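Read through the structure below, which is laid out as structure tokens, and then see the notes.
Start at 1 and go down the list; that is how both ligands and their atoms are numbered. Predicted model only: the values in this text are computed from it and were never measured.
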Amino acid sequence: MSDDSDRLKLPPFRDARFYRKRKHSSYQEVSAPCLGASVADTHAHLHMLPDPAFELARCAVNGVRYLCMIVDPVEDGEEPIERLDDWVSDARRELAGLDSGGHCEVPRVRIAVGIHPHNASAWNGEMRRALHRLALDARVCAIGEIGLDYHYDLSARDAQRSAFREQVRLAQDLGLPAALHVREAHDEAFAILSETGFPPAGTLLHCCSLDADEIAPWIGAGCFIAYGGALTFKKLEAARKAAVSVPLNRLLTETDSPFMTPEPMRGVGCTPAHVVFTAAALAQMKAQHDGISPDEVLSALYENALGLLDRNREELA
Ligand SMILES: [Zn+2]
Ligand SMILES: [Zn+2]
């Protein structure tokens with residue numbers, strides 16, 4: 001999660017196309033990149049969107065076949081988890097009404113549960129038990145987003161560190177991967193993980209915008225690195241240079257919707273379907289760097305997401 005002034009300014013059209021805001025409250029259609037491949041959004045706050053079912057239908061038409069919904073029981077309660085199955089069935093109905101929606105499949109939706117560092121001050125034994133109980137749901141595929149956020153410091157740093165440490169241990173106990181949110185605290189987060197041990201089921205660094213030096217230890221520790229809209233921001237050239245140095249089998253795509261809208265969609269709220277823009281940009285730059293085809297990168301991005309975040313409990317145990 002991060003602040004983003006684009007949040008929730010969604011175009012008022014009930015179709016699966018993309019629209020950019022222009023002056024005088026009008027909108028201009030933006031063509032979707034022609035990917036011809038399945039895409040995964042590994043980090044979406046689906047329940048924060050005004051119409052989650054419709055956004056899933058929009059994902060389906062745009063080739064987004066997997067989505068991980070991030071739920072923080074302190075901030076969101078348990079309602080998103082309770083409503084998810086209804087959103088998925090409503091999305092199937094919405095699809096029937098969309099142009100070219102008839103043959104598309106609603107994405108497979110899994111859930112990550114965790115207390116965000118912003119809410120770490122609410123961490124206690126009761127919260128740990130609640131999180132443990134929620135994590136036993138077969139749809140839960142990771143503990144997250146957890147970590148440290150020293151940019152906003154919305155919870156005291158001591159509280160952030162202990163909530164993080166204990167949730168990493170929970171991920172280890174449950175045999176689940178950890179999805180990390182780390183902002184201006186990477187050295188400390190890395191030190192905590194070195195002390196607890198990185199979860200054997202995998203660690204994912206979400207919303208990455210680190211440069212090559214900063215990212216090196218995370219790659220060395222075998223972490224997955226997820227890129228969202230920030231990868232497309234003009235000023236983040238150093239992050240793009242770092243992204244191409246991540247091994248192909250460790251790269252992931254995400255949105256962090258409703259935050260972090262990618263180019264060329266800046267100015268409207270981010271929805272999970274926007275992941276196609278980030279996937280296209282990442283595939284292009286990684287393919288060029290590695291001397292392979294963008295299609296090879298796209299299929300690796302998708303397989304990486306499923307391999308990390310779509311395992312069933314027997315595979316993880
Ligand atoms: Zn985050
Ligand atoms: Zn987030």
Side-chain angles (χ1 to χ4, degrees), residues 1-8 40-49 52 55 59 64 66-77 80-81 84 109-123 131 134 140-155 157 159-161 163-164 167-168 171 177-186 188-190 192-193 203-210 214-215 218 223-233 236 239 252-262 269-275 278 305 308-309:
M1 225 179 323
S2 51
D3 70 330
D4 188 323
S5 55
D6 293 344
R7 185 184 169 185
L8 298 184
D41 181 358
T42 60
H43 190 115
H45 300 268
L46 184 65
H47 52 282
M48 289 187 187
L49 295 158
E55 295 309 334
C59 279
V64 181
Y66 174 87
L67 183 148
C68 181
M69 173 173 78
I70 307 293
V71 178
D72 178 340
V74 172
E75 195 168 323
D76 311 315
I81 299 177
L84 177 58
V109 185
R110 301 285 302 258
I111 305 164
V113 287
I115 313 300
H116 192 283
H118 290 348
N119 302 318
S121 53
W123 180 260
L131 199 58
L134 290 175
V140 168
C141 63
I143 298 296
E145 53 187 308
I146 59 173
L148 304 174
D149 191 319
Y150 291 178
H151 178 78
Y152 287 108
D153 276 326
L154 295 187
S155 281
R157 292 185 178 184
Q160 293 193 41
R161 286 188 281 262
F164 179 40
Q167 290 182 97
V168 171
L180 308 189
H181 167 111
V182 184
R183 194 155 178 201
E184 293 171 25
H186 287 84
E188 271 199 46
F190 196 88
I192 288 173
L193 284 158
T203 301
L204 171 179
L205 192 58
H206 118 88
C207 197
C208 185
S209 60
L210 298 179
E214 295 163 332
I215 210 174
W218 298 89
C223 294
F224 287 80
I225 315 289
Y227 287 96
L231 184 81
T232 67
F233 297 175
L236 292 183
L252 296 167
T253 47
E254 65 163 48
T255 58
D256 206 9
S257 52
F259 314 101
M260 302 299 283
T261 309
C270 186
T271 69
H274 284 144
V275 74
T278 306
L308 180 68
L309 297 173

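Remark: the Glu214 side chain and the His186 side chain contain no N/O donor-acceptor pair separated by less than 3.5 Å. Residues His116 and Glu75 bring no donor and acceptor atom of their side chains to less than 3.5 Å of each other.
Restricting Glu145 to its N, O or S atoms, the one at the least distance from the Zn ion (ligand 2) is OE2. Taking the Zn ion (ligand 2) as reference, His43 places its N/O/S atom NE2 nearest.
The one candidate from Thr203, Thr42, Leu252 that meets the side-chain contact (heavy atoms from CB on, under 4.5 Å) condition with Leu308 is Leu252.
Centred on the Zn ion (ligand 1), the ND1 atom of His181 and the NE2 atom of His206 lie at an angle of 120°, reported to 10°. Here the angle centred on the Zn ion (ligand 2), running from OD1 of Asp256 over to NE2 of His45, is 90°, rounded to 10°.
Backbone or side-chain N, O or S atoms of Cys207 do not reach the Zn ion (ligand 2) at under 2.8 Å.
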(message) Using side-chain contact (heavy atoms from CB on, under 4.5 Å), reason through Leu134 and Ile111 one step at a time and then give a plain yes or no.
(response) CA-CA 10 Å; Leu134 290 175; Ile111 305 164; over 6 Å; no

(message) Apply side-chain contact (heavy atoms from CB on, under 4.5 Å) to residues Asp41 and Ser257 and explain how you reach the verdict.
(response) CA-CA 9 Å; Asp41 181 358; Ser257 52; 4.2 Å; yes

